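For clarity, every value in this text was computed on a predicted model and none was experimentally measured.
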Amino acid sequence: MKIKNICCIGAGYVGGPTMAVIAQKCPKVKVTVVDINEQRIQLWNDPDVNNIPVYEPGLSEIVEEARGRNLFFSTDVEKAIDEADMIFISVNTPTKTYGIGKGMAADLKWIELCARQIAEVSKSDKIVIEKSTLPVRTAAALKDILDSTGNGVKFQILSNPEFLAEGTAVEDLRNPDRVLIGGDIDSEEGREAMDALVNIYASWVPKEKILTTNVWSSELSKLTANAFLAQRVSSINAISELCEKTGADVNEVAKAVGMDSRVGPKFLKASVGFGGSCFQKDILNLVYIARSFNLQEVADYWEQVIIMNDHQKRRFAANMVRTMYNTVADKKIAILGWAFKKDTNDTRESAAIYVADYLLNEQAEILVYDPKVTAEQIYSDLDYLGSRSNDANRQAVTVVNDPMQACKGAHAIAVLTEWDEFRQLDWQEVYDNMLKPAFLFDGRRLLRPDTKREIGFEFYAIGN
Ligand SMILES: NC(=O)c1ccc[n+]([C@@H]2O[C@H](COP(=O)([O-])OP(=O)(O)OC[C@H]3O[C@@H](n4cnc5c(N)ncnc54)[C@H](O)[C@@H]3O)[C@@H](O)[C@H]2O)c1
Ligand SMILES: O=c1ccn([C@@H]2O[C@H](COP(=O)(O)OP(=O)(O)O[C@H]3O[C@H](CO)[C@@H](O)[C@H](O)[C@H]3O)[C@@H](O)[C@H]2O)c(=O)[nH]1
């Protein structure tokens, strides 16, 4: 089966970059990314390619090359569905905030809306691909909805979870560790659909890296992969607290442990806590699924990864307060970095939001600098927590676009995102312009303790 037209529903952090790379690597395939968010689509179509709504190194160049040639962004969802042979569903699947499974289960309302719309609009057979991260067995629900139209259109459902990490999305998409495709391997139509998707990826991914499985394994592998990665971060963060009590250094411990080839060195960087839109949501979802099958021990085991992460964020903020003589009321605290990791403008579940909220509850005055996050986003993150009025957030938090300005006259600095530029700051000048004692809290192990202490900072770092 030759695919000519691809539609992707959802022009977010996954849909945008993934489709841009497919369009670049398959110039003969027309790729249309659609979204109900008009402003987002407008930005994807902005003549100045630097204004596209997702910041990822290397992405604007690809969009510039492919946009208007075989890559299109549109709000006309129906037309794109109608024209496509292959439809990726890449909409958000956040944690439910209401009803059964509130705070745990994935909210599948947007997925279901997509399925219903595809069912309603389609006049020809289609391959429908789960790109969003979904609970295991969601494909069965999609199949039910799609097969109930009664208009004779045939749908093949595949699971093709995305493993890209933000900040390295383009590199991860161009050079994936693996591509996972789950489908109905027992039927000829199922195998044909899987082959069609394999062929798209085979345009640039070596065949041995393209893995095909049954649908349920594919769906569950995605949740499992994120649970394993997050578990490593929580494991090293648990050890970081022990390091602080014993004189061991978490970086040295991580290096010694990670050099065991059975463990490996990646994802052992202690931090103020993992953030991002995926780890917490996907583990909560896994825990919820395990509980729904009455697997209490399995659920409790994975839940601990989240409990540890919440503890890490809280204890970092509490340590700041304790160190600063048990009060930060009316003290100026500069937060360097708001994104959940470097090289992205995404702030979802960023540790910075929770640390700031904790300090605001202690009546601190906060100045924030992040090279890629807007003031509007920072206020909206704080407002969303609902800890105080929106006005109170604007009164207590000032967002600036120069790190030196954030630190000037501050009692303390907290480094909460590992942006490279923070290493290069003139730390002597920062110190000179701060109130003394000048407290510096490194939540990312970004800065060298010896040089900062030499300058005169009261320096604290996770796991040191
Ligand atoms: N962000 C990541 O790094 C990442 C990586 C791998 C997998 N995932 C998974 O991919 C999925 C998408 O994540 P994201 O970060 O791109 O989300 P996102 O919120 O950035 O983008 C989702 C988009 O879908 C749109 N949308 C929702 N319902 C729609 C509908 N019915 N019709 C048209 N558009 C609709 C929204 O307007 C939004 O722009 C999630 O399931 C997530 O778990 C995310
Ligand atoms: O050693 C580490 C590694 C990561 N982190 C933090 O963990 C969070 C997540 O980082 P990362 O995994 O690099 O970014 P994400 O974009 O959230 O990517 C994860 O989540 C995606 C969405 O499901 C998956 O596709 C990716 O494979 C998976 O890495 C960030 O806050 C990091 O700062 C640490 O604290 N220490």
Side-chain angles (χ1 to χ4, degrees), residues 10-22 24 40 43-44 49-64 90 92 94 131-133 161-179 222 225-226 228-230 232-234 236-237 254 264-282 309 313 335-355 368-374 377-378 381 403 415-424 442-447 462:
Y13 284 88
V14 170
T18 311
M19 293 304 126
V21 170
I22 290 184
Q24 188 193 37
R40 223 171 197 182
L43 289 171
W44 280 113
V49 81
N50 293 311
N51 292 336
I52 56 173
V54 172
Y55 172 72
E56 282 291 342
L59 180 61
S60 54
E61 288 85 343
I62 301 178
V63 170
E64 184 146 54
S90 186
N92 36 324
K131 187 50 124 176
S132 298
T133 303
E162 185 47 61
F163 295 101
L164 69 81
E166 288 179 27
T168 52
V170 170
E171 177 52 25
D172 294 345
L173 287 163
R174 280 190 174 146
N175 247 320
D177 285 348
R178 78 310 209 178
V179 167
K222 173 62 195 177
N226 274 355
F228 271 55
L229 290 168
R232 284 175 68 99
V233 179
S234 274
I236 200 67
N237 281 346
K266 294 183 180 165
F267 266 72
L268 289 180
K269 180 89 181 150
S271 68
V272 55
F274 61 72
S277 63
C278 295
F279 279 178
Q280 173 166 307
K281 152 178 95 72
D282 293 347
N309 196 51
K313 293 181 271 190
I335 289 185
L336 298 186
W338 192 266
F340 79 98
K341 62 188 279 197
K342 74 171 179 177
D343 292 340
T344 175
N345 61 348
D346 195 347
T347 64
R348 289 177 287 182
E349 289 303 326
S350 179
I353 303 170
Y354 296 94
V355 171
V368 186
Y369 167 75
D370 186 289
K372 290 286 173 203
V373 179
T374 61
Q377 184 61 47
I378 291 169
D381 290 338
V415 177
L416 300 184
T417 311
E418 72 282 23
W419 287 103
D420 292 330
E421 65 174 73
F422 297 155
R423 273 207 195 93
Q424 318 304 332
D442 183 355
R444 292 292 184 166
R445 293 303 299 257
L446 185 76
L447 308 172
I462 286 282

Peer 1: Out of curiosity, Lys281 NZ to Asn92 CG, how far, rounded to the nearest 0.5 Å?
Peer 2: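 That separation rounds to 9.0 Å.
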Peer 1: For Trp44, give me all partners under ring pair (Phe, Tyr, Trp, His ring centres under 6.0 Å), at least two apart in sequence or on another chain.
Peer 2: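 Listed in chain order: Phe73.
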Peer 1: Does Trp419 reach the side chain of Leu336, with side-chain heavy atoms less than 4.5 Å apart?
Peer 2: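 No. Closest side-chain heavy atoms not under 4.5 Å.
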Peer 1: Nearest heavy-atom pair of Val170 and Ile62: which atoms, and what distance?
Peer 2: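 Closest heavy-atom pair between Val170 and Ile62: CG1-CD1, 3.7 Å.
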Peer 1: Which heavy-atom pair separates Val179 from Pro176 by the least distance, and what is that distance?
Peer 2: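 Result for this residue pair: CG2-CG, 3.9 Å.
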Peer 1: Holding to salt bridge (charged side-chain N to carboxylate O under 4.0 Å, His left out), I want the full list of residues that pass it with Arg423, two or more places apart in sequence or in another chain.
Peer 2: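 Testing Arg423 for salt bridge (charged side-chain N to carboxylate O under 4.0 Å, His left out), a comparison that skips the adjacent residues, returns Asp420.
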Peer 1: Within a strict 4.5 Å, meaning less than it, do heavy atoms of the Leu173 and Pro17 side chains meet?
Peer 2: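 Yes - at least one pair of side-chain heavy atoms lies under 4.5 Å apart.
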Peer 1: Please report the closest heavy-atom contact between Lys341 and Ala165, naming both atoms and the distance.
Peer 2: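 So the two residues come closest at NZ-CB, 3.8 Å.
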Peer 1: Distance check, rounded to the nearest 0.5 Å: Leu446 atom CG versus Ser271 atom OG?
Peer 2: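 Reported to 0.5 Å precision, the distance equals 12.0 Å.
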Peer 1: What are the two closest non-hydrogen atoms of Ala169 and Leu164, and how far apart are they?
Peer 2: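 Scanning both residues, the minimum pair turns out to be CB-CD1, 3.8 Å.
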Peer 1: Residues two or more places apart in sequence or in another chain: which of them pass salt bridge (charged side-chain N to carboxylate O under 4.0 Å, His left out) with Glu166?
Peer 2: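 Here the qualifying residues are Arg348.
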Peer 1: Out of curiosity, Glu162 CD to Thr18 OG1, how far, rounded to the nearest 0.5 Å?
Peer 2: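 One finds 4.5 Å between CD of Glu162 and OG1 of Thr18.
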Peer 1: On a heavy-atom basis, which atom in Gly12 and which in Arg40 lie closest, and how many Å separate them?
Peer 2: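 Looks like CA-NH1, 3.5 Å.
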Peer 1: Which residues pass the side chain to side chain donor-acceptor pair (under 3.5 Å) test with Arg232, sequence neighbours left out?
Peer 2: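 Here no residue qualifies.
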Peer 1: Rounded to the nearest 0.5 Å, how far does CD of Gln424 lie from CD of Glu421?
Peer 2: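 Answer rounded to 0.5 Å: 9.0 Å.
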Peer 1: I'd like to know if the side chain of Thr417 reaches the main chain of Lys342, judged simply by a donor and an acceptor atom lying under 3.5 Å from each other, with no hydrogens or angles considered.
Peer 2: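 Checking the backbone N and O of Lys342 against the side chain of Thr417, no donor-acceptor pair under 3.5 Å is found.
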Peer 1: Taking only residues two or more places apart in sequence, or in another chain, which ones meet Glu349 in a salt bridge (charged side-chain N to carboxylate O under 4.0 Å, His left out)?
Peer 2: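 Salt bridge (charged side-chain N to carboxylate O under 4.0 Å, His left out) list for Glu349, sorted by chain: empty.
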Peer 1: If every non-hydrogen atom of Ala225 is compared with every non-hydrogen atom of Phe163, which pair is closest and at what distance?
Peer 2: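 What the structure gives for the nearest pair is CB-CE2, 3.9 Å.
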Peer 1: How would you list, by chain and number, every residue that makes a ring pair (Phe, Tyr, Trp, His ring centres under 6.0 Å) with Phe267, sequence neighbours excluded?
Peer 2: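 If we apply the ring pair (Phe, Tyr, Trp, His ring centres under 6.0 Å) test to Phe267, skipping adjacent residues, there are no hits.
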Peer 1: Are the side chains of Ser350 and Asp381 in touch, meaning some heavy atoms are under 4.5 Å apart?
Peer 2: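 Heavy-atom side-chain distance check fails, nothing below 4.5 Å.
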Peer 1: For residues Val373 and Ile378, determine if any side-chain heavy atom of one lies less than 4.5 Å from a side-chain heavy atom of the other.
Peer 2: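 With C-beta onward as the side chain, the pair touches.
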Peer 1: Atom CD1 in Ile236, atom CG in Leu268: separation rounded to 0.5 Å?
Peer 2: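 Spacing of CD1 (Ile236) from CG (Leu268) equals 5.5 Å.
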Peer 1: Does a donor on one side chain sit under 3.5 Å from an acceptor on the other, for Tyr13 and Asn345?
Peer 2: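 Present: a donor and an acceptor within the cut-off.
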Peer 1: Mind checking the CG-CG spacing from Asn237 to Asn309? Nearest 0.5 Å is all I need.
Peer 2: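 Output value for this atom pair is 7.0 Å.
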Peer 1: Are Arg444 and Ile462 close enough that some pair of their side-chain heavy atoms sits under 4.5 Å apart?
Peer 2: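 They are not in contact (no side-chain heavy atoms under 4.5 Å apart), so the answer is no.
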